[in-house]
Amino acid sequence: MFVNAGGGIVKEEGNLSIRVQPDSFFQGGDALRTEETIIEGGNIPSLYQSARVGNFCYLFNNLSPGDYFVDLHFAEIININGPRGMRVFDVFVQEEKVLSKLDIYSIVGANKALQLADVRVSVGEEGTIIIRFEGVNGNPMVSGLCIKSEARLPASQVKQGYVICNNCDAEIEISSAQNKYLRMMATVKYEKKIEELKTQCQLKTDECHEAWMSLTAASEQLEKVRMVLDNKFLQNLYLDQAMEKQAADLRDICSKYEHDKRLWTAVLDNLEKKVMAMKKEHCQLSHEVHQCSDSIPELNKMVFAVQAMVAQCDDLKLKFSEEQAKRKMLYNQIQEAKGNIRVFCRCRPLRKEEISAGYPMVTDFDAAKDGELGIFAGGSTKKIFKFDRVYTPKDDQVDVFADASPMVVSVLDGYNVCIFAYGQTGTGKTFTMEGSEQNRGVNYRTLKQLFKIAEERKDTFTYSISVSVLEVYNEQIRDLLATSPTSKKLEIRQASEGVHHVPGIVEAKVENIKEVWSVLQAGSNARAVGSNNVNEHSSRSHCMLCIMVSTKNLMNGECTKSKLWLVDLAGSERLAKTEVQGDRLKEAQNINRSLSALGDVISALASKSCHIPFRNSKLTHLLQDSLGGDSKTLMFVQISPSEQDLGETLSSLNFATRVRGVELGPARKQIDMGELQKLKMMLDKAKQELRSKEEALKKLEENLHNSEGRAKDKDQLCRSQQEKVSELEGRLASKTQFCRQLEKQLLELADGMKEKEEICFNLQQKVKELENKLKEQEHTKPMTLQHKVKELENILKDRTQQFGHHSAMLQQQVNELENKLTTEGRNQRFQMLQQKIKELEGQLKLQEQQESVLPVCCAEKLGVTPNQTKSRIRVQVLQEMDPQSMRNLNSMNQTINQESVLLKGTDSLHKIRRRRELQSTGTENNILLSTPVLNKRILSTESKNARPIDQSRALARLTRSTKSAATSHRILSSNKLYKDQVQGNKESNKSKIWLR
Ligand code: ADP
Ligand code: MG
């Protein structure tokens, strides 16, 4: 049974008797195939192209009990490039280790067949053969398995022995006893020989083992050397790589260094430039500082001067305030001289309708400049009225206000002022007080003037101006600036002496004239609300604009509060004329009452009465603060030029005259002209003085302003100089600090540069060293390595040569020994034979002497009857070994036979016959058992003892195909020899025949 492990059916080329079955009987493992050609695969190379690899075993069942032989075929087809030891495994047959640590590659190399032949196996009743493969290192592998049954010799073949006569080729039958004896003799002989051969063989195997061991040691050493070489090569590689890396790193560092260097030099240049600039600046600054320090005495002088000026200024201030007070007083005196109550009469122009109606003018303005107004009252009588000013219809708002404006100055000086317009409805009260947008009246202009003077005096005074707009109608106060109508009745309260106010009234603070206008508009609009006829209503109520001025003298911190009442009174037309009743009557009565109350108050003030009836009407009650005392009162009496309104005009003029008369008094009127002239002269003088004083005051003020300004300038200059000095000092300090810092930085940078340069220098040196090293290594390393390799190769060569020598020597020794063995054996045998021949010859001589008894004696001695000439001794040899070795053995036998024949070829026929007889025994002596038989015996003994097989022995027992080839070669050569010998024999036979 031949199984192709891991493959299919294989048919041996030219020999159909061997049939290799496909892979079966296995358990486990994997099939593997190769297309590589297998060397020395014999007749079935394709068997080795497949294999079973892995953890597997083969189990053959149903075998009949008996002895079997197992062949195992191996080939390394996987690890074809080695190394050794990659696949090492044990083989167990029937759990008996038959192969220990088999390494196919180390024995035959890759893709080369290796056979384990004829492992004897006994199969019991169970009828199974188990072949197990166990890996020591790597997986086991097998290419083929062959199980052969032991051939049993048929009983008929074992016959009685025959001896072939050398002379006549007759087969001489010998008895079994003789045969036994002969065999015993031969056995004894061959056993001896076997023992000898065994010892020799042992010696040879030992030598072989030693040689093998030395070979393995050498190969191990070689392997080690190879490993070392590989390591060295790897180290070299690593070194090269490291060198390359280091070189790259160095290049990087160098480039970085260069870059840094450039950067630093640029920075240094920049810094140097900066330092230079700073130094320059420093020089400049120090120069400036020096200049400053030089100018300090001058500054001090200036400071002293300034201080002196400040003192002067203070003095001037004092004087100024004194002068101002004086001015105020004088101004007041002038005002008082003018009259605290002044009455200006203004006549409106004739209306178009009046002109068209043809009403004549009853007014005469010829002496208007002197404050006299003539009224033609019935006929040619002209009534003269004297007022402070008389405005003709041609006089515009500007002219009117020009005379009213000094009152405004008094308000800012802290006096209370009251300006009101009195007159019949339609005479221009509202026109004078409010005016139109294009032609603004006293109210607006007064406030404008206030703001103007406040602006002018802002250096010495601060003013806060607020406005309230009220309406008094039917003795009721109405706040015209109130955003929401209040049911609460507004009442007049006295806050302190001389200060009356209406709690809850809106006091709108105004900052500029725009705001004033909007407030006035709001008041005017509010007055119109709630009345069906605007003009009618407005003429029945008093519209009162109150301007409150808070003043603070910045020079002495004096605070004053003053009021300016601007009143548009209700129409003064008499009740009788209107002849109305009900509400209108009540209105008229209230108006009359309030107006007469006003008149009463004014007259009471004039007569300096102890009781002034302010509280008789809301109007006078409200105006209480601004009427009398230091307060100034200006009354515009509005008249109509029309004859139609003559009555009312006269009434108004009379009222106004009454008011004006308060001051002047009727007695003054009676003052004679001389006195009056004197007074006038005095007044003119006083006026002139006042003017000059005012001029001087103005000059003083200007001087003061100038000196103040100068002082301020000087102060500022001094301050700015001092600031500049301190700033320059600060800058100098910071610059010097900065310079120091820069110097420090420079030093640090220089240090850093030095360090960097040192590092760079070191690095460059390192680079050079490394380059030198690299060069040296480039020169030396490969050389040394090559040297080493060469040395190792030489050692290897020497070793292999030594080994070759050694093996050759061993071979020679073996050959010699073999030769010796053969020659010795031959010589011994020859000597023995000669001795025997001599003995026999001696015996023959004796027998010849006896003559008649020769055949009988001979027969008796040999145990053979003379008739049995054709008897032949046949030695049956088991044909289990290969036919060549069999042939070899036969040839050897034959040569030995031939030799023995040749040696005595020249003797007489009788002698030759004798020798043949003796040779027949010699041939028996020369019968060699085939090696398989020996092997079988060894294996059988081993299997019986079941001891583990030594690897070297196992290897020794292996029939290597190379060996087999060698042996076959040898056999071939021996066949040749045999043929030559046969030829020689034939020739000798010819001679023999000739001799015969
Ligand atoms: P009153 O307020 O006294 O009732 P107004 O001020 O309403 O009177 O004046 C009535 C009319 O007379 C208005 O149309 C006004 O323009 C006009 N008028 C009054 N005085 C002058 C004047 N001096 N110049 C021009 N027109 C005037
Ligand atoms: Mg009016």
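For clarity, every value in this text was computed on a predicted model and none was experimentally measured.
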Any side-chain heavy atom of [X] sitting closer than 4.5 Å to one from [Y]?
X      : Y      : value
Gln49  : Ile77  : no
Phe69  : Val121 : no
Lys192 : Glu195 : no
Ile129 : Leu63  : yes
Ile107 : Leu102 : yes
Thr37  : Pro45  : no
Val70  : Leu145 : no

Would you call the rings of Phe26 and Tyr58 parallel, tilted or perpendicular, taking 30° and 60° as the class edges?
perpendicular

Which of parallel (below 30°), tilted (30 to 60°) and perpendicular (above 60°) describes Phe25 and Phe60?
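Tilted.
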
Heavy-atom pair with the smallest gap, counting every atom of [X] and [Y]:
X      : Y      : answer
Tyr105 : Pro83  : CD2-C, 4.0 Å
Ala51  : Met141 : CB-CG, 3.7 Å
Gly127 : Val123 : CA-CG1, 3.4 Å
Ile78  : Glu76  : N-OE2, 3.1 Å
Val98  : Leu116 : CG2-CD2, 4.3 Å
Asp103 : Ser106 : O-OG, 2.9 Å

Could you walk me through whether Val53 and Arg87 satisfy the side chain to side chain contact (heavy atoms under 4.5 Å, CB included) test, starting with their C-alpha distance in whole Å, then the side-chain angles of each, then the deciding distance to 0.1 Å, before giving a yes or no?
CA-CA 11 Å; Val53 188; Arg87 192 187 307 289; 4.0 Å; yes

Is there a donor-acceptor pair closer than 3.5 Å between any side-chain N or O of [X] and the backbone N or O of [Y]?
X      : Y      : answer
Asp90  : Lys101 : yes
Asn137 : Val88  : no
Asn772 : Lys768 : yes
Ser50  : Ala5   : yes

What's the spacing between [X] [atom1] and [Y] [atom2] if we round to 0.5 Å?
X      : Y      : atom1 : atom2 : answer
Glu220 : Lys224 : CD    : NZ    : 6.5 Å
Ser255 : Lys261 : OG    : NZ    : 13.5 Å
Asn139 : Met86  : CG    : CE    : 10.5 Å
His73  : Phe2   : NE2   : CZ    : 3.5 Å
Asp206 : Cys201 : CG    : SG    : 9.5 Å
Glu223 : Asp230 : CD    : CG    : 8.5 Å

Answer with yes or no whether the side chains of Tyr48 and Glu36 bring together a donor and an acceptor at under 3.5 Å.
no

Could you walk me through whether Glu96 and Val93 pass the side chain to side chain contact (heavy atoms under 4.5 Å, CB included) check?
CA-CA 5 Å; Glu96 181 189 324; Val93 178; 5.6 Å; no

Checking side chain to side chain contact (heavy atoms under 4.5 Å, CB included) for the pair Phe92/Glu134: CA distance, chi angles, key distance, verdict?
CA-CA 8 Å; Phe92 295 85; Glu134 198 175 280; 3.9 Å; yes

Count the heavy atoms belonging to other residues, nucleotides or ligands that lie under 6.0 Å from CD of Gln765, then report whether that count exceeds 12.
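Yes, the 6.0 Å shell around CD holds more than 12 heavy atoms from other groups.
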
How about CG on Asn231, more than 12 heavy atoms from neighbouring residues, nucleotides or ligands closer than 6.0 Å, or not?
yes

Residues two or more places apart in sequence or in another chain: which of them pass salt bridge (charged side-chain N to carboxylate O under 4.0 Å, His left out) with Lys148?
Asp71, Asp118

Derivation and outcome, side chain to side chain contact (heavy atoms under 4.5 Å, CB included), residues Ile131 and Leu72
CA-CA 10 Å; Ile131 304 163; Leu72 297 172; 4.3 Å; yes

What residue pairs, at least two apart or across chains, pass salt bridge (Lys or Arg N to Asp or Glu O under 4.0 Å) with a residue in residues 43-52?
Asp23-Arg52

